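Chain A is the first sequence line, chain B the second, and so forth, proteins listed ahead of strands; every chain is numbered from 1. Atom set for the values below is all heavy atoms of this structure, side chains included, hydrogens, waters and symmetry mates excluded. Quick caveat: nothing in here was measured; it's all calculated off a predicted structure.
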Amino acid sequence: MQIATWNINSVKAHMDVALAWLKEAKPDVVCLQEIKCETDAFPKAAFEELGYNAAVFGQKTYNGVAILSRSPLSDVRRGLPGDDSDGQARYIEAVIPWKAGVLRVASIYLPNGNPPGSEKFTYKLAWMDRLAAHAADLLRLEEPLVLCGDYNVIPMPGDARNPEAWTVDALYQPESRAKLRGLVNLGLTDAVRLLAGEAPGLYTFWDYQAGAWQKDNGIRIDHHLLSPQAADRLKTVRIDRHVRGWERPSDHVPVAITLA
DNA sequence: ATGACATATGAGATATGA
């Protein structure tokens with residue numbers, strides 16, 4: 001069972017690379033972020049031609065998340081609980097049949113939060129509190145659970161090529177990193193670090209600007225967090241960094257894990 | 001020191017991103 005996460009940075013603008021990568025990687029489940037379209041405008045038919053069902057939670061212009069799955073999706077939850085006034089489409093969750101039971105998967109687009117000290121930063125931290133509360137509820141189900149997506153948090157210095165350049169950024173603030181640790185400490189496992197250890201140079205995002213890709217000036221902000229029941233079945237992790245070198249790419253690359 | 005780059009909206013310039 002291969003489960004990938006990918007911030008596609010507009011599904012319409014990057015449909016060519018999306019389809020090319022699906023044909024190459026053949027994942028079973030793909031969590032997409034920043035689809036940047038309304039739910040009804042999601043190009044479902046093109047994905048269905050490749051054998052995928054789609055659950056979508058979009059909005060106009062910004063944000064938007066989706067889950068593609070070869071197997072049927074059920075129990076779809078759109079939106080993160082805890083604030084009925086939150087109109088931003090950043091969370092979708094679904095259940096997928098797996099082996100004798102089920103796998104629960106969430107596609108997460110955590111707020112960027114820049115600049116620190118702003119209302120956006122307050123929203124980011126509050127959103128992280130809501131995610132932790134919901135994750136605690138899900139963990140009580142004792143299911144295989146994969147919470148994956150663009151977390152917009154650099155967990156450790158080794159997750160950036162130039163960590164000192166990020167010290168004034170919301171992605172690397174002590175508060176952001178502490179809240180991510182709090183989430184993990186509920187009993188979740190960072191899949192890439194479980195298998196790759198402290199290996200350096202594992203990045204998932206390179207800015208479009210200033211030749212960041214050419215200089216390998218990247219950061220690791222797209223993560224798979226696993227419940228114990230999922231972590232026990234983790235076999236492989238893969239960062240498809242070559243996709244960043246394709247023509248008109250997203251600024252993020254797909255990250256995939258396999259469970260067995 | 002600054003800007004660099006890309007996308008959506010909508011038809012020029014602005015908001016957002018990380």
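- Side-chain nitrogen and oxygen atoms of A:H14 include none within less than 4.0 Å of the OP1 or OP2 phosphate oxygen of B:dA6.
- Look at CZ on A:R248: it is 13 Å from C1' on B:dA8, rounded to the nearest Å.
- Taking 4.0 Å as the cut-off between side-chain N and carboxylate O, A:D216 and A:R241 count as a salt-bridged pair.
- Applying the 6.0 Å contact sphere to CG of A:D137 captures more than 12 heavy atoms from other residues, nucleotides or ligands.
- Put simply, A:N9 has no side-chain N or O that comes within less than 4.0 Å of OP1 or OP2 on B:dA18.
- Comparing A:N7 and A:A210 by the nucleotide of DNA chain B whose heavy atom lies nearest to each, the residue mapping closer to the 5' end is A:A210.
- Separating the C1' atom of B:dT14 from that of B:dG10 is a span of 11 Å, rounded to the nearest Å.
- Residue A:N185 qualifies as enclosed at atom CG: its count of foreign heavy atoms under 6.0 Å is above 12.
- The same atom, C1', is picked in B:dA8 and in B:dG3; the two are 22 Å apart, to the nearest Å.
- Heavy atoms of A:D222 sit nowhere under 4.0 angstrom from any nucleic acid atom.
- To the nearest angstrom, P of B:dA18 lies 13 Å from CZ of A:R244.
- B:dA18 and B:dC5 are spaced 12 Å apart, taking the C1' atom of each and rounding to whole Å.
- Residues satisfying the side chain to side chain donor-acceptor pair (under 3.5 Å) criterion with A:D86, sequence neighbours excluded, are A:Y123, A:R130.
- For A:Y151 and A:Y109, the ring centers are positioned 6.0 Å apart or more.
- For A:G211 and A:I221, each mapped to the nucleotide of DNA chain B holding its nearest heavy atom, the one lying further toward the 5' end belongs to A:G211.
- No cation-pi contact links A:R220 to A:Y203, judged by a cut-off of 6.0 Å to the six-membered ring centre and 45° from its axis.
- Look at the P atom in both B:dA4 and B:dA13: the space between them is 16 Å, to the nearest Å.
- Checking side-chain atoms of A:D207 against main-chain N and O of A:A212 turns up no donor-acceptor pair under 3.5 Å.
- Distance noted for atom P between B:dA6 and B:dA11: 24 Å (whole Å).
- By the 6.0 Å contact criterion, CD on A:E198 is open, its count of non-hydrogen atoms from other residues, nucleotides or ligands being 12 or less.
- Residue A:L180 contributes atom CG, which lies 16 Å from atom C1' of B:dA18 at whole-angstrom precision.
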Between the protein and nucleotides 14-17 of chain B, list every N/O to N/O distance that falls short of 3.5 Å.
| unit_1 | atom_1 | unit_2 | atom_2 | d |
| --- | --- | --- | --- | --- |
| B:dG17 | OP2 | A:K120 | NZ | 3.4 |

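- Taking every heavy atom of residues 153-162 of chain A and every atom of DNA chain B, no pair lies under 4.0 Å.
- Rounded to whole Å, the separation between the C1' atoms of B:dT7 and B:dT2 comes to 23 Å.
- Atoms CG (A:N217) and C1' (B:dA18) sit 11 Å apart, rounded to a whole Å.
- The cationic group of A:R70 lies under 6.0 Å from the six-membered ring centre of A:Y52 and within 45° of the ring axis, placing it in a cation-pi geometry.
- Here the side chain of A:H224 pairs a donor or acceptor atom with the backbone of A:I3 at under 3.5 angstrom.
- For the pair A:K124 NZ and B:dA18 C1', the computed distance is 9 Å after rounding to whole Å.
- Rounded to whole angstrom, the span from the NZ atom of A:K215 across to the P atom of B:dG3 amounts to 16 Å.
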